[in-house]
Amino acid sequence: MTTMQVIFLTLLVVLVTSSRALKSGKCPTPDVQANFDVSKYLGKWYEIEKVPNPFQKGQCSAALYSLKSPGVIEVLNSGLLGDGNITSVVGTATVKNPSEPAKLEVSFSQDSPPGPYWVLSTDYEGHSLVYGCRDNGPVSRELAWILSREPTLPEDTLQELQGILSSIGIDVNKMLPTNQDETYCSRMHE
C-alpha cells in the first residue's frame, strides 16, 4: 500500500467513525409502507427523534406537507435555533415511481441532488418512520426520522419504530431526541 492509500484509508475510517450519519458498506433496501397514500400523509408532523445530520439544526422541528400537484409535495421544515430564531426551508418531495409511492425523493435546493425519503411505516394519524440512505463509494450516508402528529409519541410506539430501524442496521442509541416541550417551543407557535 502506498503512503497516499494509507492516509486516505485512515481519513476514511476517522470520517466514518466520527459521523453518525455515515457507515461503511452499501445501503440496505428495507420494506416501505404498503399501499402508501400520499393524501393521508399530508399535514403537520413533529420530529420526535432523528439520526444526527449536518444540515438539520435546532429543536422543536416540524414538517408541513402539502400537495402541489399529483405526485409532488411541498415540504416546509422548521425548527427553533438555540439563539431563539426560527429556521425554515422549503423543498419538494416527488414520487418517482407511482408503483412505489412510499419511496419519495426530496430536494431543498437546485444545487444539490434530491435525497431519498422512504416512508417505512405510518398509520397516518399518529406516527411515521422515515428512512433515507445514499451510497457514496465504500460508505453510505443514512438518515432516519421518527415523526408524530403530536409533539409526543407513546413509548411503546417509539420502541416499535426503533425496532424497525434496528432491524436494518441503524444504531438507535445514536439517535437524538428532539425537544418538543410546549413551553420551550412556544416561539414556534406565535
Side-chain angles (χ1 to χ4, degrees), residues 20-21 30 32-33 36-68 72-95 101-109 114-133 141-168 170-190:
R20 295 180 181 177
V32 295
Q33 176 72 37
F36 182 69
D37 185 341
V38 170
S39 65
K40 290 181 181 179
Y41 197 75
L42 302 176
K44 187 170 188 174
W45 289 94
Y46 294 89
E47 180 184 277
I48 303 302
E49 284 189 353
K50 69 176 174 248
V51 169
N53 59 68
F55 56 84
Q56 193 178 8
K57 308 288 185 219
Q59 297 294 324
C60 311
S61 300
L64 181 63
Y65 302 106
S66 56
L67 193 62
K68 286 179 76 170
V72 181
I73 300 163
E74 181 177 88
V75 179
L76 171 62
N77 286 347
S78 58
L80 184 64
L81 298 174
D83 63 6
N85 287 316
I86 296 173
T87 182
S88 63
V89 62
V90 176
T92 302
T94 307
V95 175
K103 292 183 177 181
L104 297 103
E105 288 188 346
V106 65
S107 178
F108 291 98
S109 166
Y117 182 104
W118 291 9
V119 181
L120 302 187
S121 175
T122 186
D123 63 0
Y124 302 103
E125 297 174 4
H127 76 269
S128 178
L129 177 59
V130 177
Y131 175 76
C133 188
R141 178 177 169 188
E142 289 189 311
L143 302 169
W145 295 268
I146 295 176
L147 308 174
S148 175
R149 290 288 192 183
E150 300 295 327
T152 61
L153 194 62
E155 186 62 30
D156 59 332
T157 304
L158 183 62
Q159 289 178 1
E160 177 185 336
L161 300 175
Q162 289 172 337
I164 294 169
L165 292 174
S166 292
S167 75
I168 61 171
I170 291 185
D171 182 353
V172 296
N173 294 316
K174 292 184 177 180
M175 292 188 74
L176 294 178
T178 302
N179 185 350
Q180 294 288 358
D181 177 76
E182 185 178 349
T183 302
Y184 182 82
C185 298
S186 63
R187 178 118 165 60
M188 294 288 292
H189 310 293
E190 293 178 352

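Quick note: residue numbers are just sequence positions, from 1.
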Spatial distance of atom CG (Leu67) from atom CD1 (Ile73) [nearest 0.5 Å]
7.0 Å
Determine the minimum heavy-atom distance between Lys57 and Thr87, stating which atoms define it.
O-CG2, 4.4 Å
Are the side chains of Cys60 and Gln180 in touch, meaning some heavy atoms are under 4.5 Å apart?
yes
Does Ile86 offer a backbone N or O that forms a donor-acceptor pair with the side chain of Arg187 under 3.5 Å?
no
Once you round to the nearest 0.5 Å, how far does OG of Ser121 lie from CD1 of Ile146?
10.0 Å
side-chain contact (heavy atoms from CB on, under 4.5 Å) for Ile170 and Glu142? Distances and angles first, verdict last.
CA-CA 8 Å; Ile170 291 185; Glu142 289 189 311; 3.6 Å; yes
Does any non-hydrogen side-chain atom of Leu120 lie less than 4.5 Å from one of Ile168?
yes
Supply the atom-to-atom distance Leu147 CG to Ser128 OG, rounded to the nearest 0.5 angstrom.
5.0 Å
Heavy-atom side-chain proximity of Val75 to Phe108 below 4.5 angstrom:
yes
Check against side-chain contact (heavy atoms from CB on, under 4.5 Å), Leu76 and Ser88:
CA-CA 7 Å; Leu76 171 62; Ser88 63; 4.0 Å; yes
Between Gln33 and Ala102, what is the shortest heavy-atom contact and its length?
O-CB, 3.7 Å
Side-chain contact test, heavy atoms from C-beta onward, threshold under 4.5 Å: evaluate it for Met175 versus Leu165 and give yes or no.
yes
Considering non-hydrogen atoms only, spot the tightest contact between Glu105 and Pro114 and give its length.
OE1-CG, 3.6 Å
If you measure only the distance, is there a donor-acceptor pair under 3.5 Å linking the side chains of Thr122 and Tyr41?
no
Take a 6.0 Å sphere around CD of Glu182 and say whether it holds more than 12 heavy atoms from other residues, nucleotides or ligands.
no
Do the numbers put Lys50 on top of the ring of Trp145, so that NZ or CZ is under 6.0 Å from the six-membered ring centre and no more than 45° off the axis?
no
Evaluate the criterion side-chain contact (heavy atoms from CB on, under 4.5 Å) for residue pair Lys174 and Val51; output intermediate values, then yes/no.
CA-CA 7 Å; Lys174 292 184 177 180; Val51 169; over 6 Å; no
Here the pair of heavy atoms bringing Ser61 nearest to Thr178 is N-CG2, 3.8 Å
Smallest heavy-atom separation, Lys44 atom then Ala62 atom, equals CE-CB, 3.8 Å
Any side-chain donor paired with an acceptor under 3.5 Å for Asn179 and Asp181?
no
Atom pair CG (Leu42) and CD (Glu74), whose distance is rounded to the nearest 0.5 Å
11.0 Å
Taken to the nearest 0.5 Å, the spacing of Thr94 OG1 from Leu104 CG works out to 7.5 Å
Which heavy atom of Tyr131 sits nearest to which heavy atom of Pro30, and what is that distance?
CD2-CG, 3.9 Å
Could you check Asp123 against Thr157 for side-chain contact (heavy atoms from CB on, under 4.5 Å), going step by step and ending with a plain yes or no?
CA-CA 11 Å; Asp123 63 0; Thr157 304; over 6 Å; no
Quick one: CD on Gln159 to CD1 on Ile164, what's the gap to the nearest 0.5 Å?
12.5 Å
